[in-house]
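To start, the structure under review is shown below, and the notes come after it.
Bear in mind the structure is a predicted one, so any value in this text is a computation, not a measurement. Lettering of chains follows the sequences in order, A, B, ..., and the numbering in each one begins at 1.
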2 protein chains.
Amino acid sequence: MPRTSERYRDARREYILDAARRAFARNGFHATSMHDLFAEAGLSSGAVYRYFAGKDEVVVAIVEDNIRQIGAMIRAVTEERADGSFGAALAAAVETIQAKHRENGLAGIGVQAWTEALRDPRIGAAFEELLTGLRSELAEVVAHYQRTNTLPPGPSAESLASVTIAILVGYIQQLALLGPDAVADVPDALRALWPSSAVAG
Amino acid sequence: MPRTSERYRDARREYILDAARRAFARNGFHATSMHDLFAEAGLSSGAVYRYFAGKDEVVVAIVEDNIRQIGAMIRAVTEERADGSFGAALAAAVETIQAKHRENGLAGIGVQAWTEALRDPRIGAAFEELLTGLRSELAEVVAHYQRTNTLPPGPSAESLASVTIAILVGYIQQLALLGPDAVADVPDALRALWPSSAVAG
């Protein structure tokens with residue numbers, strides 16, 4: 001397949017997903033039909049079905065995209081601050097999630113996606129794979145901070161990665177349920193909890 | 001109202017909520033109708049409607065109960081370990097949540113309740129009130145650990161309480177989506193992150 005056509009397909013797919021995100025953020029996954037998606041995207045049913053066989057596939061694609069985005073954010077802020085503190089890296093990840101949420105309602109879509117993962121075995125499997133992959137990646141980041149003594153050396157890097165994911169997931173839940181103002185002071189707390197001078201316990 | 005009658009009403013209400021929890025854990029909030037609840041409880045519609053006007057009221061009652069239970073757990077383990085570390089208290093809270101989850105599917109019901117909170121303004125308002133109350137209570141607990149130097153004195157107790165809630169919420173999400181085995185090592189990580197000997201940053 002020539003590259004231009006691939007690029008066109010990717011752009012088209014992304015355009016449909018953007019429309020779906022807007023519709024989902026407004027009315028929720030369940031109240032939104034494929035017809036609502038056609039209308040939001042301004043495309044025919046055939047044009048959308050060329051990319052996604054049904055609503056489930058759209059939901060899976062958005063969930064995969066969200067987790068990939070959050071993984072990329074975390075990697076970016078961590079590499080950028082490789083000689084900074086774990087707290088600063090985590091705070092920067094949280095601030096990026098907050099900015100993304102103000103832009104496209106990321107947090108509300110995330111919370112709904114978790115319920116879908118419990119309801120639909122296909123979405124559940126996709127979520128498990130992606131969450132497990134994110135934990136492996138984060139474990140490498142965490143191991144770096146264990147070596148530089150800003151995280152305790154005792155517990156496994158995987159277990160600390162699970163705590164890190166819990167903080168991000170729980171932050172997203174509060175962002176969705178309480179709004180950005182209620183959790184505006186979380187980045188400061190994270191920077192203070194794991195400053196670069198912290199001594200491992 | 002005489003006390004025995006009050007006690008009967010409380011027991012009846014709790015019996016109906018237990019039946020609802022079983023039905024919800026099995027089929028989810030949305031796929032479960034009031035008729036399913038009557039069948040699960042083995043009661044007539046009239047007997048159930050005497051306590052709850054509809055499914056929304058049942059969901060709100062379960063959400064309130066869950067948050068109250070989690071609040072009570074956290075207070076209990078914190079008071080019990082007032083001279084222990086913050087990490088040990090948090091680990092004990094997480095272990096209690098895990099035991100409760102194995103007993104009645106708490107985590108899956110929790111995740112579904114968050115989505116309901118986004119969908120239904122009444123449930124959203126109840127959730128916001130309860131989550132804000134939990135944060136105020138946790139802020140007092142956190143302030144104790146700030147005074148005893150196991151948590152950094154700089155950030156507000158409220159912001160550290162929000163991080164604490166994030167860890168518990170994110171743990172519940174992973175418990176629901178990945179299962180207890182995947183997060184079995186989280187209590188060890190929490191104990192290591194905030195040991196009693198930790199020096200505030």
Side-chain angles (χ1 to χ4, degrees), chain A residues 28-31 85 87 94 108 111-119 124 127-128 131-132 135 151-156 158-174 176-179 182-201, chain B residues 28-31 85 87 94 108 111-119 124 127-128 131-132 135 151-156 158-174 176-179 182-201:
Chain A
F29 284 164
H30 269 262
S85 71
V94 156
V111 169
Q112 291 183 72
W114 307 335
T115 291
E116 292 306 310
L118 294 176
R119 220 176 260 165
F127 228 102
E128 192 176 335
L131 216 47
T132 308
R135 179 164 55 191
L151 284 176
S156 70
E158 283 73 22
S159 69
L160 291 170
S162 291
V163 174
T164 308
I165 292 177
I167 291 173
L168 297 172
V169 161
Y171 174 77
I172 289 171
Q173 189 255 25
Q174 292 179 77
L177 266 64
L178 303 176
V183 284
D185 50 8
V186 164
D188 281 344
L190 295 172
R191 275 184 286 261
L193 280 172
W194 295 288
S196 46
S197 59
V199 175
Chain B
F29 285 162
H30 268 261
S85 71
V94 156
V111 169
Q112 290 182 72
W114 307 335
T115 291
E116 291 307 309
L118 294 177
R119 221 177 259 165
F127 227 102
E128 193 176 333
L131 216 48
T132 308
R135 181 164 54 190
L151 285 176
S156 70
E158 283 71 24
S159 70
L160 291 170
S162 291
V163 174
T164 309
I165 292 177
I167 291 173
L168 297 172
V169 161
Y171 175 78
I172 289 171
Q173 189 256 24
Q174 290 179 78
L177 267 63
L178 302 176
V183 284
D185 50 8
V186 164
D188 281 344
L190 294 173
R191 276 184 286 263
L193 280 171
W194 294 289
S196 44
S197 59
V199 175

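In summary, the side chains of B:His30 and B:Gln112 do not present any donor paired with an acceptor at a separation below 3.5 Å, with no hydrogens or angles considered.
Of all the listed residues (B:Leu190, B:Val163, B:Leu177, B:Thr132), the one sharing the greatest number of non-hydrogen pairs under 4.5 Å with chain A is B:Leu177. Listed options B:Asp188, B:Leu160, B:Val94 were ranked by heavy-atom pairs under 4.5 angstrom with chain A; first place goes to B:Leu160. Note: B:Trp114 leads B:Tyr171, B:Trp114, B:Phe29 in heavy-atom pairs under 4.5 Å with chain A. When the candidates A:Val169, A:Thr115, A:Val111 are compared by the number of heavy-atom contacts under 4.5 Å with chain B, A:Thr115 comes out ahead. Ranking A:Ile165, A:Val186, A:Thr164 against chain B, the residue ahead of the rest is A:Ile165, based on heavy-atom pairs under 4.5 Å.
Interface remark: A:Ser162 contributes backbone and side-chain atoms alike to the contact with chain B (heavy atom separation under 4.5 Å). Contacts between A:Ala117 and chain B at a heavy-atom distance below 4.5 Å involve the side chain alone, from C-beta outward. Residue contact with chain B, scored on non-hydrogen atoms closer than 4.5 Å, involves the backbone and the side chain of A:Ala182 alike. Proximity to chain A (any heavy atom under 4.5 Å) is restricted, for B:Gln174, to the side chain, taken from C-beta onward. Both the backbone and the side chain of A:Glu128 come within contact range of chain B, judged by heavy atoms closer than 4.5 Å. The parts of A:Ile167 that come within reach of chain B are both its backbone and its side chain, each placing non-hydrogen atoms under 4.5 angstrom from that chain.
Taking all atoms of both residues into account, the shortest heavy-atom contact from B:Gly108 to A:Leu118 is O-CD1, 3.7 Å. Of all heavy-atom pairs spanning A:Ala189 and B:Pro155, the tightest one is CA-CB, 3.9 Å. Across all non-hydrogen atoms, the minimal contact from B:Pro195 to B:Ala192 is CD-O, 3.2 Å. Minimum interatomic distance between B:Ser159 and B:Ser156 (heavy atoms only, all atoms of both residues): OG-O, 2.8 Å.
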Tell me, with the steps shown, if A:Ile172 and B:Gln173 meet side chain to side chain contact (heavy atoms under 4.5 Å, CB included). CA-CA 11 Å; A:Ile172 289 171; B:Gln173 189 256 24; over 6 Å; no

